Structure formats: structure tokens, C-alpha cells
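Computed from a prediction, not measured in an experiment: that's the story for all the values here.
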Amino acid sequence: ARLTQKLANVLEGDSMDQDVESPVAIHQPKLPKQARDDLPRHISRDRTKRKIQRYVRKDGKCNVHHGNVRETYRYLTDIFTTLVDLKWRFNLLIFVMVYTVTWLFFGMIWWLIAYIRGDMDHIEDPSWTPCVTNLNGFVSAFLFSIETETTIGYGYRVITDKCPEGIILLLIQSVLGSIVNAFMVGCMFVKISQPKKRAETLVFSTHAVISMRDGKLCLMFRVGDLRNSHIVEASIRAKLIKSKQTSEGEFIPLNQTDINVGYYTGDDRLFLVSPLIISHEINQQSPFWEISKAQLPKEELEIVVILEGMVEATGKMCSILGWLWDRCSF
């Protein structure tokens with residue numbers, strides 16, 4: 001009986017200590033998962049562990065790869081844009097190959113004309129008038145082709161007036177050479193003058209912030225230009241990339257929804273001299289209206305910011321993509 005009494009006293013003392021140490025834990029009601037404050041921390045910790053597939057990478061490039069394209073001939077119909085979109089190593093390779101092939105092709109024709117006319121058999125004959133003087137083989141014909149197409153004209157190898165087929169070939173090579181020069185040099189010029197690297201000096205804020213501003217709940221981020229030459233007629237847009245399911249049951253992956261950053265008030269047109277804060281009011285028309293603070297870390301969404309304008313130094317239009325997904329804090 002004494003042992004039973006002592007055991008009851010010990011159990012009663014433990015329960016009293018537990019009541020004293022954590023009185024709130026007993027009377028606190030069990031909250032739903034969406035209202036728990038500790039839930040976003042666990043979710044954000046889980047999201048950092050898994051690999052994130054982004055629609056737009058941090059450097060502004062779209063993470064989209066086109067596969068199973070059957071009508072590849074459509075790329076050849078717009079060959080100029082295809083060459084401009086190629087990487088630099090392929091573009092330089094094609095540039096060298098085009099000139100080399102044309103020089104070899106016309107060099108072969110010059111050599112064939114000399115061979116058919118019998119100029120190779122009368123190389124040292126002073127009484128023979130060749131089609132091209134001092135053309136004694138394929139190598140010299142290749143060099144003469146380069147001199148003709150590039151209009152170098154060293155004067156050592158010269159076409160004579162006793163070769164009408166050579167005169168016609170000279171005209172054809174001059175015209176085609178001009179076309180090749182215009183096409184390839186124009187392609188290289190367009191590729192060099194592309195303002196893609198202009199985005200390196202346009203900086204977006206590391207985090208987007210949701211807070212009160214002028215009595216309104218707003219999503220805000222900052223954008224700034226590091227160069228002294230400014231972006232002329234700059235305008236900014238924002239898109240919410242999120243998969244959705246319609247009321248009919250249709251699933252739309254990567255659905256794009258506009259985020260109003262001042263389209264109706266003109267605040268989307270920027271004078272980007274100093275860093276500016278871009279604000280989006282979260283109201284009933286906002287796509288974030290039905291998303292709570294606890295639900296936001298669970299949402300599979302992405303915010304893409306598009307800044308468009310004209311480069312002051314070159315006059316080229318440029319478009320810069322900013323990525324704000326998973327970088328929003330309250």
C-alpha cells in the first residue's frame with residue numbers, strides 16, 4: 001500500500017511539473033496545417049532539398065528545349081535567322097566553310113577551263129595565249145579564285161581577252177562573291193550587335209517582398225541599371241507561370257497569367273536612371289488574392305519579369321528576363 005501511494009505521488013508530481021513547464025501546450029487548440037506558423041519553414045526546407053525545374057533560369061534564358069520537331073525544313077526557309085541563332089562556334093565554322101567551299105568550287109572551274117583549252121600543255125610556250133596567264137595547276141587556279149572573289153588583284157595572274165568562257169566565269173564569280181559577302185558579313189554583324197549581354201548590367205533584386213504599402217498589400221521588387229548609357233523607352237511586364245485546371249477538367253501546364261505592375265496607371269513605363277521599386281497590388285484581380293501566407297511556400301509557381309527597351313548606345317531593342325520564383329518573403 002505504501003509503495004502504491006508513493007508511485008501515485010510521483011506520477012502526480014510529474015504531471016504537475018509538466019503543467020508548470022508548458023501550460024500553453026495543453027490548452028492550445030490543434031490548428032489546421034495551412035494556419036500553422038512552423039509549416040512554411042518545413043516546406044521551404046523540403047523545397048531546397050529537391051531539384052527545382054525552372055521555366056526561366058537565373059541568367060534570364062528560357063529553360064525550354066524543343067524536341068520531336070519533324071518539320072525541320074522550316075528552319076532552312078529562314079536560313080538567316082537560323083544562322084544568327086546558332087552558337088558562336090558553329091557560326092564561325094559555317095563562315096569559314098562557306099568561303100572555303102566557294103573558293104574551291106570556282107578554283108576547280110578555272111582549272112577545268114585551262115585544262116580543256118590545253119593551257120596546261122603550253123605552259124612554257126610564249127606563242128600560246130592562255131585563258132589565265134601563269135596558271136599552271138590547281139593550286140594556282142585556287143589562288144586566282146581567291147584573288148578574284150576578294151578583289152585582291154596581285155597582278156601576277158591575269159585573265160586574257162582570248163577566253164570568253166573565262167570572262168563569263170569572272171562575271172559570275174564576282175556577282176556570287178558579292179552575294180556571299182553580303183550574306184555572311186551581314187549575319188556576323190547582326191550576331192555581334194545583338195544586345196544579349198546588355199542584361200548583365202541590368203540587376204533585379206535578390207528577393208521579392210510582400211508587405212503593406214500605402215495601406216495596400218503589395219508584391220514589390222527592385223530593378224536597376226549599372227551603366228551610364230540608359231535604356232530608352234523602358235517598359236516592364238510580369239507573368240505568373242503556374243499550371244492550372246479548368247472547371248471542365250482540362251489541365252493547362254505552365255499557364256501564363258499577367259501580373260499588373262502599373263499598366264493602367266502608366267507605372268510600367270520606366271525612366272531607369274536610378275533603381276526603381278516595382279509594385280503589384282494584391283487585390284481581388286490579382287492572381288495571388290486566394291493564396292495565403294501558409295499556402296505560398298507550397299505553391300508550384302514562377303514569377304517572370306520582362307524588361308523591354310532600346311539600348312541608347314546602339315539603338316537596338318532588347319528584352320531582359322528576370323526570375324523571382326521562390327524568392328518571395330513577407
> Does Arg117 pair with Asp119 as a salt bridge, N-O distance under 4.0 Å?
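Result for this pair is yes, salt bridge flagged.
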> Looking only at heavy atoms, which two atoms of Ala141 and Gly107 are closest? And how far apart?
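That would be CB-O, 3.4 Å.
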> Do the charged groups of Glu302 and Lys242 touch, with an N to O distance under 4.0 Å?
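No, this pair does not count.
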> I'd like to know if Arg237 and Glu308 make a salt bridge, using a cut-off of under 4.0 Å between side-chain N and carboxylate O.
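Yes, charged N to carboxylate O under 4.0 Å.
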> Between Phe288 and Ile210, does the side-chain contact (heavy atoms from CB on, under 4.5 Å) criterion hold? Intermediate values first, please.
CA-CA 11 Å; Phe288 303 103; Ile210 297 179; 6.0 Å; no
> Nearest 0.5 angstrom please: Leu254 CG to Glu300 CD, how far?
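So the gap between those two atoms works out to 11.0 Å.
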> Please walk me through it: do Lys191 and Asp85 pass side-chain contact (heavy atoms from CB on, under 4.5 Å)?
CA-CA 8 Å; Lys191 191 169 182 62; Asp85 290 339; over 6 Å; no
> Under 4.5 Å between side-chain heavy atoms, hopping through other hydrophobics if needed: is there a path connecting Leu104 to Ile94?
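Shared cluster, yes.
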> Applying side-chain contact (heavy atoms from CB on, under 4.5 Å) to Trp110 and Leu170, what does each step give before you reach the verdict?
CA-CA 9 Å; Trp110 284 114; Leu170 179 65; 4.3 Å; yes
> Does any part of the side chain of Leu83, heavy atoms only, come nearer than 4.5 Å to the side chain of Phe95, both counted from C-beta?
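The answer is no; the side chains never approach within 4.5 Å.
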> Does the side chain of Trp88 come within less than 4.5 Å of Ile192's, by heavy atoms?
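The answer is yes; the side chains approach within 4.5 Å.
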> Taking it one step at a time, do Gln173 and Ser145 satisfy side-chain hydrogen bond (donor to acceptor under 3.5 Å, both in side chains)?
CA-CA 8 Å; Gln173 185 174 4; Ser145 175; 3.0 Å; yes
> Taking the side chain as every heavy atom from C-beta outward, state whether Ile252 and Thr246 have any pair of such atoms under 4.5 Å apart.
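Yes. Closest side-chain heavy atoms under 4.5 Å.
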> Can you hop from Ile278 to Met220 via hydrophobic side chains spaced under 4.5 Å?
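Different clusters: Ile278 never reaches Met220 through Ile, Leu, Val, Met, Phe, Trp or Tyr contacts under 4.5 Å.
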> Determine the minimum heavy-atom distance between Val261 and Ile236, stating which atoms define it.
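Smallest heavy-atom distance, with atoms named: CG2-O, 3.7 Å.
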> Should we count CD of Gln245 as having more than 12 external heavy atoms under 6.0 Å?
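Correct, the count exceeds 12.
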> Let me confirm one number: the NZ-OG distance from Lys216 to Ser279, rounded to the nearest 0.5 Å.
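Going from the NZ atom of Lys216 to the OG atom of Ser279 covers 9.0 Å.
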> Within the side chain of Thr201, is there an N or O that forms a donor-acceptor pair under 3.5 Å with the backbone of Leu226?
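No; judged by distance alone, with no hydrogens or angles, the pair does not exist.
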> Any chance CE of Met212 has more than 12 other-residue heavy atoms, nucleotides or ligands included, within less than 6.0 Å?
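Yes, the 6.0 Å shell around CE holds more than 12 heavy atoms from other groups.
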> Same cluster or not: Phe144 versus Val101, using hydrophobic residues (I, L, V, M, F, W, Y) connected whenever any side-chain heavy atoms lie under 4.5 Å apart?
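Not linked; separate clusters.
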> Do the side chain of His230 and the main chain of Asn228 share a donor and acceptor less than 3.5 angstrom apart?
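At least one qualifying donor-acceptor pair exists.
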> Quick one: do Phe106 and Leu169 satisfy side-chain contact (heavy atoms from CB on, under 4.5 Å)? Show the steps, please.
CA-CA 8 Å; Phe106 284 103; Leu169 180 61; 3.7 Å; yes
> What is the distance from atom OG of Ser235 to atom CD1 of Ile306, rounded to the nearest 0.5 Å?
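Reported value, rounded in 0.5 Å steps: 9.5 Å.
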> Same cluster or not: Ile168 versus Ile109, using hydrophobic residues (I, L, V, M, F, W, Y) connected whenever any side-chain heavy atoms lie under 4.5 Å apart?
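They do share one cluster, since a chain of ILVMFWY contacts under 4.5 Å joins Ile168 to Ile109.
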> State yes or no: are the ring centers of Tyr115 and Trp111 separated by less than 6.0 Å?
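Between Trp111 and Tyr115, which both carry aromatic rings, the centre distance is below 6.0 Å.
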> Is there side-chain contact between Phe221 and Val209, with heavy atoms separated by less than 4.5 Å?
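Result no, sub-4.5 Å side-chain heavy-atom pair not found.
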> Taking all non-hydrogen atoms of both residues, which atom of Leu270 and which atom of Asp267 are closest, and how far apart?
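The answer is CD2-O, 3.5 Å.
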> Could you grab the distance from atom CD1 of Ile277 to atom SG of Cys218, nearest 0.5 Å is fine?
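Here the rounded value is 11.0 Å.
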> For side-chain hydrogen bond (donor to acceptor under 3.5 Å, both in side chains), just list the numbers for Asp258 and Tyr263, CA-CA rounded to whole Å, side-chain angles, deciding distance to a tenth of an Å, and then say yes or no.
CA-CA 10 Å; Asp258 284 329; Tyr263 178 77; over 6 Å; no
> I'd like to check Thr160 versus Val132 (side-chain heavy atoms, cut-off strictly below 4.5 Å). Are they in contact?
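No; the side chains remain at least 4.5 Å from each other.
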> Less than 4.5 Å apart, side chain to side chain, heavy atoms only: is that true for His280 and Pro287?
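In short, these two side chains touch, coming nearer than 4.5 Å.
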> Taking the side chain as every heavy atom from C-beta outward, state whether Phe189 and Cys187 have any pair of such atoms under 4.5 Å apart.
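Side-chain contact under 4.5 Å: no.
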> Could you please spell out the steps behind the side-chain hydrogen bond (donor to acceptor under 3.5 Å, both in side chains) verdict for Asn181 and Ser178?
CA-CA 5 Å; Asn181 289 333; Ser178 299; 5.4 Å; no
> Side-chain contact, heavy-atom cut-off 4.5 Å: Ile241 with Lys239?
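Yes, side chains in contact.
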> Would you say Tyr154 has more than 12 foreign heavy atoms packed within less than 6.0 Å of its OH?
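Counting other residues, nucleotides and ligands, OH of Tyr154 stays at 12 neighbours or fewer.
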> Say whether, by atom type as modelled, one donor and one acceptor occur between the side chain of Asp225 and the main chain of Arg227 under 3.5 angstrom.
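Indeed, once roles are kept as given, a pair shorter than 3.5 Å links the two residues.
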> Quick check for you: to the nearest 0.5 Å, what is the distance between Ser174 atom OG and Ile179 atom CD1?
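The OG atom of Ser174 sits 11.0 Å away from the CD1 atom of Ile179.
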> Starting from Tyr99, can I reach Phe80 by hopping between I/L/V/M/F/W/Y residues whose side chains sit under 4.5 Å apart?
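Yes, because Phe80 and Tyr99 connect within a single hydrophobic cluster, where side-chain heavy atoms sit under 4.5 Å apart.
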> Please give me the minimum heavy-atom distance between Arg157 and Asn134, naming the atom from each residue.
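Minimum heavy-atom contact is NE-O, 3.5 Å.
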> Quick check for you: to the nearest 0.5 Å, what is the distance between Glu299 atom CD and Ser243 atom OG?
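Reported to 0.5 Å precision, the distance equals 11.0 Å.
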